[in-house]
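Just so we're on the same page: letters track the sequence lines, and every chain starts at 1. All values derive from a computational prediction rather than experimental measurement.
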There are 2 protein chains.
Amino acid sequence: MTVPLYRAKAEFFRTLGHPARIRILELLAEQELAVHELLDRIEIEPSNLSQQLAVLRRAGLITQRRSGSQVLYAISVQEVRDLLIAARRILFGLLEDREQLRRDLGSPAPSGLDGPGAPGLGS
Amino acid sequence: MTVPLYRAKAEFFRTLGHPARIRILELLAEQELAVHELLDRIEIEPSNLSQQLAVLRRAGLITQRRSGSQVLYAISVQEVRDLLIAARRILFGLLEDREQLRRDLGSPAPSGLDGPGAPGLGS
DNA sequence: TGCGGATATGAAGAAGTTGTCAAGTGCTAA
DNA sequence: TTAGCACTTGACAACTTCTTCATATCCGCA
C-alpha cells in the first residue's frame, strides 16, 4: 500500500509532537546515551521513557544497541538536528511577531516561551 | 507564564501533524488562496477545512484577510516551507533505509511512500 | 541458581483530537 | 430586505494518544 507523501509527513511530525520525544532527540543529537542517562536528564517515569523511545524507534529516528546490562540509544538520522533547529528559529520568529503585535496593540497578554540565547540546541 | 522551549516545539510539531494541515501549508507556500480554492484542491468538508485553518491561524502560521465575500489565506512564516522540505528529505532517507534493510533481509514487507522525484514541494 | 538493576511491554482510564452535522455570521446583489 | 453564496463556529460521538501501574525480560554477579 502506498501512503501519500502529505500523510507520511503528518505522521512524521506527529512523531515529533511530544515534549519528551523532543528532549530525547535533542539529547541524542549530541551523543549516544543509555536509557538511565536519559532518565537523569528528563523528568519522566522509566516506563514512560521506554514507550517514547519505542515510538521514536518505530519511526526509525533512533537506534538501540545493547552494551552489557544497559541499552544505548542514538539518533539514526542526523538531519533531524537541522529540523529541530529550524523549528526553533520559526518558533522565535512567531514569538517576536506576537510580541510586536502586543506592543502595537498595547495589550497586556503575556504567555511566551523562554527567551532565545541559550547555547546548543536549546531545549 | 513561561513555556519551556521543548514544550513549545512539541506543540508546534503537533500543529503540523495533520495531513490536511500539511497540504494547506504546502498550497499556501506557493500562493495566497481563498478558502474555496483550497477546497477545490483538498478533499475535505468545508467545515473541517475551516477548523484546520483555525488551528494554523491560532498557531500563527497563516494569516487571514477578507476580500469581498471571500477569505484569503496566506503563509505568515516563509521558513515553514524549508521545514516541509527538510521533512521530505528525512522521510525519503528513512524510506531508503527501510528498503535497504528489506533488501538485506530479503523480507517481503511492502508499505512505503510515493516515490521521490515529484516537482515542487511534493504533497 | 538466584538477585537486583536496567529496560520493556501490556492494560486501562484520562485526556486530547478528529470528522460531521446543524446553526451561525458577513457580504453582495437583486 | 431578503436570497444566497462563502465561511465559521459549536457540539458531540468516535478515535487516538498519554500516563501510570503491574508485570515481564535480560544481564552481570554473588
Quiz item: Which whole-number value in Å describes the distance from A:Ile24 CD1 to C:dT7 C1'?
Solution: 13 Å
Practice problem: Start with the C-alpha gap between A:Leu38 and A:Leu53, add the side-chain angles, then the distance that decides, and say whether side chain to side chain contact (heavy atoms under 4.5 Å, CB included) holds. | Solution: CA-CA 10 Å; A:Leu38 287 168; A:Leu53 287 170; 4.0 Å; yes
Exercise. In whole angstrom, give the distance that lies between atom CZ of A:Arg65 and atom P of C:dA6.
Key: 18 Å
Quiz prompt | Out of C:dT18, C:dA8, C:dC21, whichever nucleotide has its closest atom nearest the side chain of A:Ser50 | solution = C:dA8
Quiz item: DNA chain D: B:Arg14 or B:Asn48, which has the more 5' nearest nucleotide?
Solution: B:Asn48
Pairs under 3.5 angstrom only: tabulate donor-acceptor contacts from the side chains of residues 62-74 of chain A to other protein residues two or more places apart or in another chain.
from: A:Gln64; atom 1: NE2; to: A:Tyr73; atom 2: OH; distance (Å): 3.0
from: A:Arg65; atom 1: NE; to: A:Glu32; atom 2: OE2; distance (Å): 2.8
from: A:Arg65; atom 1: NH2; to: A:Glu32; atom 2: OE1; distance (Å): 3.0
from: A:Arg66; atom 1: NE; to: A:Gly68; atom 2: O; distance (Å): 3.3
from: A:Tyr73; atom 1: OH; to: A:Arg57; atom 2: NE; distance (Å): 3.4
from: A:Tyr73; atom 1: OH; to: A:Arg57; atom 2: NH2; distance (Å): 3.4

Quiz item: Between C:dA8 and A:Arg58, is there an OP1 or OP2 to side-chain N/O distance shorter than 4.0 Å?
Solution: no
Practice problem: Heavy atoms of chain B, cut-off under 4.0 Å: which first and last nucleotide of DNA chain D, 5' to 3', fall inside that, if you could look? | Solution: D:dA6 to D:dA11
Practice problem: Looking only at side-chain atoms of B:Ser47, point me to the closest of C:dC21, C:dA6, C:dA8. | Solution: C:dC21
Self-check item: Nearest atoms (heavy-atom pairs only) where A:Gln52 meets A:Ala20
Solution: CG-CB, 4.2 Å
Exercise. Look at the side-chain N and O atoms of A:Tyr73 and state whether any lies under 4.0 Å from the OP1 or OP2 oxygen of C:dA8.
Key: yes
Practice problem: Flag the pair A:Leu5 / B:Phe92 as yes when at least one side-chain heavy-atom distance between them is below 4.5 Å, and no otherwise. | Solution: yes
Quiz item: Same cluster for B:Ile42 and B:Val55 if Ile/Leu/Val/Met/Phe/Trp/Tyr side chains link at under 4.5 Å?
Solution: no
Self-check item: Residue A:Glu43 excluded, over 12 heavy atoms near CD under 6.0 Å
Solution: no
Practice problem: Return the 5'-most residue of the pair A:Ser69, A:Ala54 with respect to DNA chain C, ranking by each residue's nearest nucleotide. | Solution: A:Ser69
Quiz item: Could you give the NE2-to-P distance, from B:His18 to C:dG16, as a whole number of Å?
Solution: 18 Å
Quiz item: Is a donor-acceptor contact shorter than 3.5 angstrom present between the side chain of A:Gln51 and the base of C:dG10?
Solution: yes
Quiz prompt | Polar side-chain atom of A:Arg89 near backbone of A:Ile85 as donor-acceptor pair, under 3.5 Å | solution = no
Quiz prompt | Contacting residues from residues 34-45 of chain B, given that a heavy atom lies under 4.0 angstrom of DNA chain D | solution = B:Ala34, B:Val35, B:His36
Practice problem: Decide yes or no for B:Val35 and B:Ser50: does some side-chain heavy atom of the first lie under 4.5 Å from some side-chain heavy atom of the second? | Solution: no
Quiz prompt | Rounded interatomic separation in angstrom, taking CD1 from A:Ile62 and P from C:dT7 | solution = 13 Å
Self-check item: Worked check of side chain to side chain contact (heavy atoms under 4.5 Å, CB included) between B:Leu61 and B:Leu16
Solution: CA-CA 10 Å; B:Leu61 295 176; B:Leu16 300 183; 4.0 Å; yes
Quiz item: Between A:Gln70 (CD) and C:dA6 (C1'), how many Å, whole number?
Solution: 8 Å
Quiz prompt | Between P of C:dT7 and CD of A:Gln52, the distance in whole Å | solution = 16 Å
